[in-house]
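Structure record follows, encoded as structure tokens.
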Amino acid sequence: MTAEETHRVLDPEHDAAALKALTHPLRIRLLGLLRYHGPATASELAVRTGESSASTSYHLRVLAKYAFVAEAEHRDGRERRWRAVHLVTTWSNEAMGASPGGRAAVGALRRRQIEHLTSSLAQHEADVEAGRLGEEWREPSGVTDLLSRLTPESVAELWRVFEERLAELTARDARDPRARHVVVLTAALPLAPDPGSTGAGGDGGEDTPAGGTR
């Protein structure tokens with residue numbers, strides 16, 4: 001699949017209504033579930049989310065209106081099934097930052113990603129504890145919070161290299177039966193110098209990272 005087929009690039013100027021629709025918490029969750037688990041009905045998604053099927057059906061129709069989801073092949077004629085149209089939703093930070101609506105949308109989506117990390121960590125720990133993951137997954141899994149001094153150009157290069165390499169590895173492992181879904185959440189958040197700092201390495205304030213690798 002090409003990047004055009006897998007990525008939905010949102011333009012705040014032309015996609016303002018779509019952005020507003022997407023930032024609803026339940027709609028973000030429904031889209032994520034369809035991307036992760038594949039096509040599903042409103043009733044199946046209601047069970048997963050604890051919502052009513054009427055609610056999930058309504059929000060799926062809103063997502064469909066703005067081309068985030070579409071009807072999938074039906075198993076039978078009784079209930080409509082939905083699929084995610086794209087694997088990734090992305091945007092230009094510069095374009096989004098030019099309007100209050102764009103900035104609010106980015107903030108809401110980023111915070112949902114943090115919530116996803118928290119729930120994924122809980123699921124990972126439960127899977128390990130219950131023996132649903134083999135011992136071969138214990139060593140390579142984990143979370144890190146490194147702090148580096150980089151230029152804007154270096155951060156852009158870091159994103160590019162990371163995304164290219166991840167795409168290569170994903171393609172390589174596509175047919176390997178040992179492969180599992182792996183939540184890979186990345187962040188590159190520049191911090192302004194602390195006004196009270198007197199040292200060259202004083203950026204970052206009081207909440208410094210632990211520096212733990214995995």
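Side-chain atoms are counted along with the backbone in the values below, which use heavy atoms only and exclude waters and symmetry mates. Small disclaimer: the values here were computed from a predicted structure and weren't measured. Nothing fancy with the numbering, it's 1 onward along the sequence.
When hydrophobic residues (I, L, V, M, F, W, Y) are linked wherever their side-chain heavy atoms come within less than 4.5 Å, the members clustered with V106 are L10, L19, L22, L26, I28, L30, L31, L33, L34, L45, Y58, L60, V62, L63, Y66, F68, V69, W82, W91, M96, L109. Other members of the hydrophobic cluster containing V182, listed by chain and number, are V128, L133, W137, F162, L166, V184; membership follows side-chain contacts under 4.5 Å among ILVMFWY residues, whether direct or relayed.
Residues meeting the side chain to side chain contact (heavy atoms under 4.5 Å, CB included) test with R160, sequence neighbours left out: E157, E164. Residues passing the side chain to side chain contact (heavy atoms under 4.5 Å, CB included) test with V155 are L150, W159, A188, sequence neighbours excluded. With sequence neighbours excluded, the residues that form a side chain to side chain donor-acceptor pair (under 3.5 Å) with S43 are E79. Taking the salt bridge (charged side-chain N to carboxylate O under 4.0 Å, His left out) definition, one finds that R35 meets it with nothing, sequence neighbours left out. Residues that satisfy the side chain to side chain donor-acceptor pair (under 3.5 Å) test with H24, not counting sequence neighbours, are absent from this structure. Remark: A95 pairs with P12, S92 by the side chain to side chain contact (heavy atoms under 4.5 Å, CB included) rule, at least two apart or across chains. Looking at residues two or more places apart in sequence or on another chain, you find a side chain to side chain contact (heavy atoms under 4.5 Å, CB included) between A72 and P39, R81, R83. Partners of E71 under the salt bridge (charged side-chain N to carboxylate O under 4.0 Å, His left out) rule, at least two apart in sequence or in another chain, are R80.
Distance CG/L87 to OG1/T90: 13.0 Å, rounded to 0.5 Å. Interatomic distance, CZ of R149 versus CG of L191, reported as 11.0 Å (0.5 Å rounding). For the atom pair S141 OG and E125 CD, the distance stands at 10.0 Å (nearest 0.5 Å). In this structure, E44 CD and T41 OG1 are separated by 3.5 Å, a value rounded to the nearest 0.5 Å. Atom CG of residue L185 and atom CG of residue L121 lie 11.5 Å apart, to the nearest 0.5 angstrom.
Judged by distance alone, the side chains of R61 and S57 do bring a donor and an acceptor atom under 3.5 Å apart. Residues S154 and T151 have side chains that bring a donor and an acceptor to within less than 3.5 angstrom of each other.
Summarising the local packing, CD of E129 is surrounded by 12 or fewer heavy atoms from other residues, nucleotides or ligands at distances under 6.0 Å. Counting heavy-atom neighbours within 6.0 Å of R132 CZ, excluding the residue itself, gives a total above 12.
H116 places a side-chain heavy atom less than 4.5 Å from the side chain of V183.
Sorted by first and then second residue, the salt bridge (Lys or Arg N to Asp or Glu O under 4.0 Å) pairs with a member in residues 107-119 read R112-E115; sequence neighbours excluded. Residue pairs satisfying the salt bridge (Lys or Arg N to Asp or Glu O under 4.0 Å) criterion with at least one member in residues 177-190, sequence neighbours excluded, are listed as follows: D176-R178.
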From CA spacing to verdict: side chain to side chain contact (heavy atoms under 4.5 Å, CB included), R29, T49: CA-CA 8 Å; R29 190 176 179 193; T49 60; 3.9 Å; yes

H37 and R48: side chain to side chain contact (heavy atoms under 4.5 Å, CB included), yes or no, with the steps? CA-CA 11 Å; H37 295 287; R48 289 188 178 276; 3.3 Å; yes

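R103 places a side-chain N or O within donor-acceptor distance of the main-chain N or O of G97, the cut-off being under 3.5 Å. Not a single donor-acceptor pair under 3.5 Å links the side chain of S55 to the backbone N or O of S52.
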